[in-house]
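Structure first, then comments.
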Amino acid sequence: MVGTKGLSYVLITSIVSLAAVGLPLPDRLEAQPADEDRPVLSRILDAISSERMLADIRILSGSGFNGRQTGTRDDLASAEFVQKRFANLGNMLNSTPASPGPSTGDWIQARPVSFTTIDQTVSLQFSVKPVHSLTVGSDYLPVLDSPSADVSAPVLFIGYGIADPENGLDEYEKVDAREKIVLFLRGKPDGFNRQVSHADKVRAARQHGAIGYLTTTGPLLSPYEARRGVTSSPSAFYAQLSPDEAIPGAWIDSEVASEIVNGGPAADREQDRLRLLQQRLNETRTPQSLLTSVSASLKWRSITDRGMLHNVGWLIKGSASDPSAPSVLIGAHRDHFGRQAGLLFPGADDNASGTAVLLEVARLFASAPFAPVQPVLFLSFSGEEQGLLGSREYVANPLVPLSSTAAMINIDHAGIGNGRLTVGVTGFGKAVAQQAGQAASLSQLIDLFGFFPGGDHVPFKEAGIPTVTVVSGGVHPHFHRPGDRVETLDPAILTAVARYVATLAWQLANPR
C-alpha cells in the first residue's frame with residue numbers, strides 16, 4: 001500500500017496461465033464449434049445478459065447498501081462488492097495467442113471526504129396553508145449538504161436569484177432581503193448568456209442578508225429542461241458550498257412555489273402569478289422581485305461526518321508487444337444519496353445501471369477468446385454526486401498515466417428512457433461514435449452530441465483526453481428521487497447500452 005497526498009492504492013496483480021482456460025466457470029462465454037469462424041465482437045455482443053445486469057442493479061440499489069452515499073460504510077461495502085466481482089473475473093481470463101496470458105490487476109483508491117445526512121425529523125411550513133399537505137420528498141426536500149435549519153421569516157420572491165449588475169441583471173437591486181427567506185427559480189432567463197450556478201445564487205442570497213432560501217423549477221421550462229423531461233417535483237442534490245457560504249435551503253415543488261407567490265392557489269394557469277413573472281423575466285430580463293404575503297418555517301438537523309471515498313478499478317493488459325500501448329478507460333459512478341430526511345434514495349438508474357453495464361462489459365472482455373490489443377481499464381467511481389470527487393481524484397492520481405490513456409468512456413443513467421442512446425463526444429470525430437453504433441446494430445438509435453457539461457468524463461476532458469459519454473435517451477422521471485428503483489428499469493435499454501459500450505471499447509482497443 002502506497003500513500004500519496006492522503007490517497008492510497010491497493011494493487012493486486014496476477015498472471016493467468018493456459019491451464020485456467022478450461023475451468024468450468026458459469027460467467028464464461030461458452031465456445032461452440034461454429035464460433036471459431038465468428039468475429040470476437042459478435043460473440044461478445046451475443047453473450048450480453050440483461051438478467052445479470054438487473055440482478056446487479058437489484059443488489060446495489062437494495063436496502064443493504066442504503067443508497068451508497070459517498071464516504072459512508074455503505075460506499076465501502078459497494079466498493080468491496082465491485083472489487084470482488086473484478087477479482088472473480090481475473091480467474092476466468094482467456095489467454096491470447098500473442099502471450100502466455102494477460103496480466104490483470106484490481107485496486108482500490110481511497111481519499112478522505114466529508115458527507116452530510118439530513119435527519120428524518122424535517123418540516124417546512126407556511127403561514128398560508130397549501131391546498132395539499134406538504135410531504136418531504138414530493139413537496140419539498142432539503143438541499144442535502146444544507147446546514148441545520150430552525151428559521152422562520154417572510155418569503156421574498158427574487159426571480160432567478162441573480163445578482164450580476166455588470167451583465168445587466170441585479171434582482172436584489174430594489175428589494176431588501178435581510179432576515180428573509182428568498183425564493184428563486186432554477187436556471188436563468190432566456191437570453192442571459194452568463195453561466196450562473198446554484199452556488200452563485202446562494203452566495204448572492206447570503207451576501208444580501210437572507211437567512212434561508214427555497215428553489216423551484218419554474219412553470220415555463222427551457223428547451224433543455226423540456227428535452228430532459230424536467231418535472232415540477234424536487235430532486236436531491238448538493239449545493240457544494242463551504243460552511244462560511246452556506247445558508248439553509250430546500251427545493252420545493254412548483255405548485256407549492258406558485259401558492260407562495262399567489263398567496264394561495266391560483267384560479268387557473270393563466271392567472272398564476274409565478275408563471276407571469278417568469279414570462280416577464282424571460283422576455284425583458286428585468287427584475288420582477290417582490291415580497292410575498294407568506295412566511296415560511298424551515299426546520300431540520302444536518303449531521304456532517306468524515307469518511308473515505310473509494311474508487312475501484314480493474315485492468316486487462318492488452319496483447320500488444322509494446323508495454324506503453326495506450327489504454328482505453330471505461331468508467332461509471334457507483335455513489336448516490338443514501339438515506340436522507342427519512343427517505344431511501346436507491347439510485348437504480350443513477351447509477352447502479354451504469355455500474356452493472358461496467359461489470360457486464362468487464363465480464364465479456366474477460367471471457368473473450370483473446371485479449372484486446374490495447375489495455376482496457378474499468379473504473380467504478382464514487383463521489384460523482386458531490387462534484388465529481390472520485391473522477392477528479394483519479395485524474396490527479398491515475399493508476400495508468402494520463403499520457404497513456406487513449407480514451408475515456410463514461411456510462412451514466414443507462415436503464416430508463418425512450419429506447420434511444422444519447423452519446424456525447426469530445427476529442428474524437430463523431431465518425432468514431434457512428435461506426436460503433438453501426439457495428440452494434442444500433443445506428444438508428446444513436447443521437448450524437450458534443451460535450452456534456454456534467455459527469456465523470458469532465459475531468460478527463462479537461463485533462464485533454466478524448467471522451468465518449470453514453471446515457472439512455474429520453475425522460476428519466478425518477479431522477480434523484482426515492483422512486484429510482486430497479487422495477488422502473490427497461491432490460492432492453494440496458495442491453496442496448498451494454499452493446500454500444502462493448503462495441504466502442506473493443507474497437508478503440510483494437511485499432512486497425
Exercise for review: Report the C-alpha distance between Ser232 and Thr217 in whole Å, list the side-chain angles of each, state the deciding distance to 0.1 Å, and finish with yes or no for side chain to side chain donor-acceptor pair (under 3.5 Å).
Suggested key: CA-CA 6 Å; Ser232 65; Thr217 302; over 6 Å; no
Under 3.5 Å: donor-acceptor pair, side chain of [X], backbone of [Y]:
| X | Y | value |
| --- | --- | --- |
| Tyr500 | Ala433 | yes |
| Asp484 | His480 | no |
| Arg111 | His310 | no |
| Thr70 | Gly383 | yes |
| Trp107 | Leu315 | no |
| Ser146 | Gly249 | yes |
| Thr135 | Ser138 | no |
| Glu360 | Ser49 | yes |
| Thr495 | Pro491 | yes |
| Arg68 | Pro346 | yes |

Roughly how far apart are [X] [atom1] and [Y] [atom2], rounded to 0.5 Å?
| X | Y | atom1 | atom2 | result |
| --- | --- | --- | --- | --- |
| Thr503 | Leu508 | OG1 | CG | 10.5 Å |
| Phe381 | Leu309 | CZ | CG | 10.5 Å |
| Asp56 | Arg363 | CG | CZ | 10.0 Å |
| Met53 | Arg58 | CE | CZ | 13.0 Å |
| Asn410 | Leu358 | CG | CG | 10.0 Å |
| Asp74 | Asn66 | CG | CG | 4.0 Å |

**Study point:** Ring centres under 6.0 angstrom apart (Trp251, Phe237)
**Key:** yes
Side chain to side chain, [X] and [Y], heavy atoms closer than 4.5 Å:
| X | Y | result |
| --- | --- | --- |
| Ile416 | Pro477 | yes |
| Gln69 | Phe115 | yes |
| Leu402 | Val395 | yes |
| Thr116 | Leu144 | no |
| Tyr394 | Phe460 | yes |
| Arg481 | Pro234 | yes |
| Gln434 | Leu448 | yes |
| Glu384 | Ser391 | no |

Exercise: do [X] and [Y] side chains pair donor with acceptor under 3.5 Å:
| X | Y | answer |
| --- | --- | --- |
| His413 | Ser472 | no |
| Ser380 | Arg334 | yes |
| Ser114 | Arg306 | yes |
| Ser197 | Asp200 | yes |
| His476 | Asp350 | no |
| His198 | Tyr238 | no |
| Asp335 | Ser382 | no |

On a heavy-atom basis, which atom in [X] and which in [Y] lie closest, and how many Å separate them?
| X | Y | result |
| --- | --- | --- |
| Phe345 | Pro482 | CE2-CD, 3.6 Å |
| Ala362 | Phe86 | CB-CE2, 4.1 Å |
| Asp349 | Gly415 | OD1-N, 3.0 Å |
| Leu442 | Ile446 | O-CG1, 3.2 Å |
| Arg339 | Ser63 | NH2-CB, 4.0 Å |
| Arg420 | Asn418 | N-OD1, 2.9 Å |

Practice item. Give the intermediate values and the outcome of side-chain contact (heavy atoms from CB on, under 4.5 Å) for residues Ile48 and Leu364. Key: CA-CA 7 Å; Ile48 291 172; Leu364 297 169; 3.5 Å; yes
Exercise for review: Check the pair Val256, Leu214 against side-chain contact (heavy atoms from CB on, under 4.5 Å), reporting the backbone distance first and the verdict last.
Suggested key: CA-CA 11 Å; Val256 176; Leu214 305 170; over 6 Å; no
Check your understanding: Under 6.0 Å from the six-membered ring centre of Tyr213 and within 45° of its axis: does the NZ or CZ of Lys201 meet both?
Key -> no
Practice item. May I have the step-by-step check of side chain to side chain donor-acceptor pair (under 3.5 Å) for His478 and Thr488, ending in yes or no? Key: CA-CA 9 Å; His478 309 291; Thr488 67; 4.5 Å; no
**Study point:** With Thr426, the side chain to side chain contact (heavy atoms under 4.5 Å, CB included) member among Val458, Thr469, Thr467, Ile465
**Key:** Thr467
Point to revise | Flag if over 12 foreign heavy atoms under 6.0 Å of CD, Glu487 | key: yes
Practice item. List the steps and the verdict of side chain to side chain donor-acceptor pair (under 3.5 Å) for His336 and Asn351. Key: CA-CA 7 Å; His336 200 55; Asn351 187 34; over 6 Å; no
Review point. Ile330 and Leu377: side-chain contact (heavy atoms from CB on, under 4.5 Å), yes or no, with the steps?
Key: CA-CA 6 Å; Ile330 308 174; Leu377 176 61; over 6 Å; no
Exercise for review: Tell me, with the steps shown, if Asn311 and Ile108 meet side-chain contact (heavy atoms from CB on, under 4.5 Å).
Suggested key: CA-CA 6 Å; Asn311 292 333; Ile108 290 183; over 6 Å; no
